[in-house]
Amino acid sequence: MEKHRLQTDYLIIGSGAAGLLAANRLAQHGKVILVNKGSLQDSSTWYAQGGIAGVLSNSDSIESHVQDTIISGAGLCHEKVVRAIINRGSAIIHELIDIGTRFDRKDGELHLTQEGGHSNRRIAHAQDATGQAITNALLARITPNPNILRLEQHTAIDLVTSARLGYPENRCLGAYILSPDGDVLTIEAGHTILATGGAGKVYLYTSNPHAATGDGVAMAWRAGCPVMNLEFIQFHPTCLFHRQGSNMLLSEALRGEGAHLVDSQGRRFVFDYDERGELAPRDIVARAIDHEMKKQGVDCMYLDARPMGESVITEHFPNIHARLQALLMDMTREPIPVVPAAHYVCGGIQTDVNGKTEIAGLYAIGETACTGLHGANRLASNSLLECLVMADYCATDVLQQLVPARPPVPAWDDSGIVPETERIQIKQNWDEIRATMSHFVGIVRSDERLRRARRRLRVIREEIASYYWKHPVSQDLLELRNLAQVAELIIQSAQHRHESRGLHFSTDHTRTDIHARDTILRPDEI
Ligand code: FAD
Ligand code: SIN
């Protein structure tokens, strides 16, 4: 076999919660190649704080979790999907416990916390570092495993499909992957699973790690997959406002345990917007903060954790407390400055609950997918739940599929490429996309802002396209190309919605339509 060609049964791109559990399952049945473009910490999963939602106590019920999810989703949740995910949730959480995830306990029972929009305590957590606990437990299950080849610091460039090679059926055949030393690997796979996470990096201020550049959505779109509901970008209400810690999250569980949101005068302003106050769904709380900052002409609001008491802060939130102390702030003694920041993409590659896309042999799971679970606004702590349940369902579905004979994938062609002489254009385009999205496609939108953003993105995308095909691929360039693609899809999706609903609020269309509909964009129609 050629030096840069690999073959596998299952190619999984992304090693957050979704990718790790899928690898775990599928490695019991065949060869897995698990690719991720950074270190294992460079995933949103690793940074997850608050916890994972599930029906875990006798005082809770599936119906209550379903209804909370549907209410938060503002009329756009797909009820069948909501039920399928929530029904499987507690079994998956118990499996996490069985494989060593040490969720907090009190008097022998799971300690369940509360977050906005939940009518019950139902969030299992490992202090304020739940993502690390889950990642470590899942990793321990697949390390070492002779059936899994892990390629870290490897970046997927594009999917290869039979349609692109001129065959009538569109089947995914694998992907081209950039290795850290600049070689492009051709990986041929019976099934390919995108588990590439979100796209928070589209915005200047985000809670997301660097990896969140929307690569999966962009790759799937270029391969021919429809995308759904990408206008619904969730802004987390409480990210730290500080020059050295701009992507640090202050978990919603802090409010669940009694922290207040206040202005500089100490006034709890959220009750002016919703009677549920600090525990209203995220879209409402984030808009309240945004509105109050604009009204008062100030840069931030404050999270006051002092009402919780010092021992709750230090016992339940030791990591957040320590990180703040390193920045010379003390949650036990003073309110902490916060602003909303891009946190989660509710939309994504259109899939069913198993992660199946329209392309045979291609699945998408976790944050990169859009199943309809979250509707127009995700309920807190429902994302880790979706990642894991989808990975589980996906593996079951994949194992039922027959893999037909497939054409060979041609090697990566880099003829006609000239070396880069400078990188300034990449940096400039990155900055411009993120500023444009933050100014024009943020928490509050208007027709004019969206038009302006679309015009700018079109020019940037043309510049990137002409640059891309002339120069060697690099991680920066690949991410920039994907970021621009996803930004444009977010704007186009927002332009399709002539109403305000959930996370999409437009000053030109403030009413909510009686009939809720998904926004679906198809590559062959644009
Ligand atoms: P991720 O965990 O983001 O993993 C994506 C993987 O894809 C990474 O390994 C990355 O390297 C890889 N990748 C991406 N592009 C490529 C490419 N081109 N080539 C190769 N690899 C690639 N949700 C909850 O339910 N509860 C919480 O408490 C919670 N807290 C959060 C706190 C923070 C700070 C953040 C940012 C999010 C939080 N969320 C929470 C949301 C949740 O963590 C994410 O939605 C979820 O972890 C996404 O998991 P994933 O497996 O889909 O993707
Ligand atoms: C948090 O801890 O506030 C994040 C929870 C989530 O995004 O679901």
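Since we're looking at a predicted model, the values are computed, not measured. Counting starts at 1 for both ligands and their atoms, following the listed order.
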ask   = Does any donor atom in the side chain of Asp476 or Ser474 lie under 3.5 Å from an acceptor atom in the other side chain?
value = no

inquiry  = Are Trp46 and His210 an aromatic pair, judged by ring center distance below 6.0 Å?
reply    = no

remark   = Ordered by chain then number, the protein residues lying under 4.0 Å from ligand 1 by heavy atom are Ile13, Gly14, Ser15, Gly16, Ala17, Ala18, Val35, Asn36, Lys37, Gly38, Asp42, Ser43, Ser44, Thr45, Tyr47, Ala48, Gln49, Gly50, Gly51, His154, Thr155, Ala156, Ala195, Thr196, Gly197, Ser207, Asn208, Ala211, Asp215, Leu249, His343, Tyr344, Gly366, Glu367, Arg378, Ser381, Asn382, Ser383, Leu384, Cys387

Centroid-centroid under 6.0 Å between Tyr344 and His374 rings = yes

key: Pair Asn36-Ser43, side-chain donor/acceptor within less than 3.5 Å   = no

query = Hey, mind stepping through Thr396 and Asn354 against side-chain hydrogen bond (donor to acceptor under 3.5 Å, both in side chains) and telling me if it holds?
reply = CA-CA 8 Å; Thr396 306; Asn354 304 319; over 6 Å; no

task = Could you pull out all residues at least two apart from Glu231 that satisfy salt bridge (charged side-chain N to carboxylate O under 4.0 Å, His left out)?
result = Arg497

One pair per line, please: each N/O atom of ligand 2 matched with every protein N/O atom under 3.5 Å away, atom names first, then the distance to 0.1 Å.
residue, atom, partner, partner atom, Å
ligand 2, 2 (O), Gly50, N, 2.9
ligand 2, 2 (O), Ser251, OG, 2.7
ligand 2, 3 (O), His236, NE2, 2.7
ligand 2, 3 (O), Glu252, N, 2.6
ligand 2, 7 (O), Arg282, NH1, 3.0
ligand 2, 7 (O), Arg282, NH2, 3.2
ligand 2, 7 (O), His343, NE2, 2.7
ligand 2, 7 (O), Arg378, NH2, 2.8
ligand 2, 8 (O), Arg282, NH2, 3.4
ligand 2, 8 (O), Arg378, NH1, 2.8
ligand 2, 8 (O), Arg378, NH2, 3.4
ligand 2, 8 (O), Ser381, N, 2.6

message = With a 6.0 Å cut-off on the ring centroids, do Tyr205 and Phe241 count as close?
response = no

ask   = Restricting to pairs with a member in residues 125-139, which pass side-chain hydrogen bond (donor to acceptor under 3.5 Å, both in side chains), not counting sequence neighbours?
value = His111-His125, Asp128-Asn319

Residue pair Thr351, Thr371: steps toward the side-chain hydrogen bond (donor to acceptor under 3.5 Å, both in side chains) verdict = CA-CA 5 Å; Thr351 70; Thr371 56; 5.7 Å; no

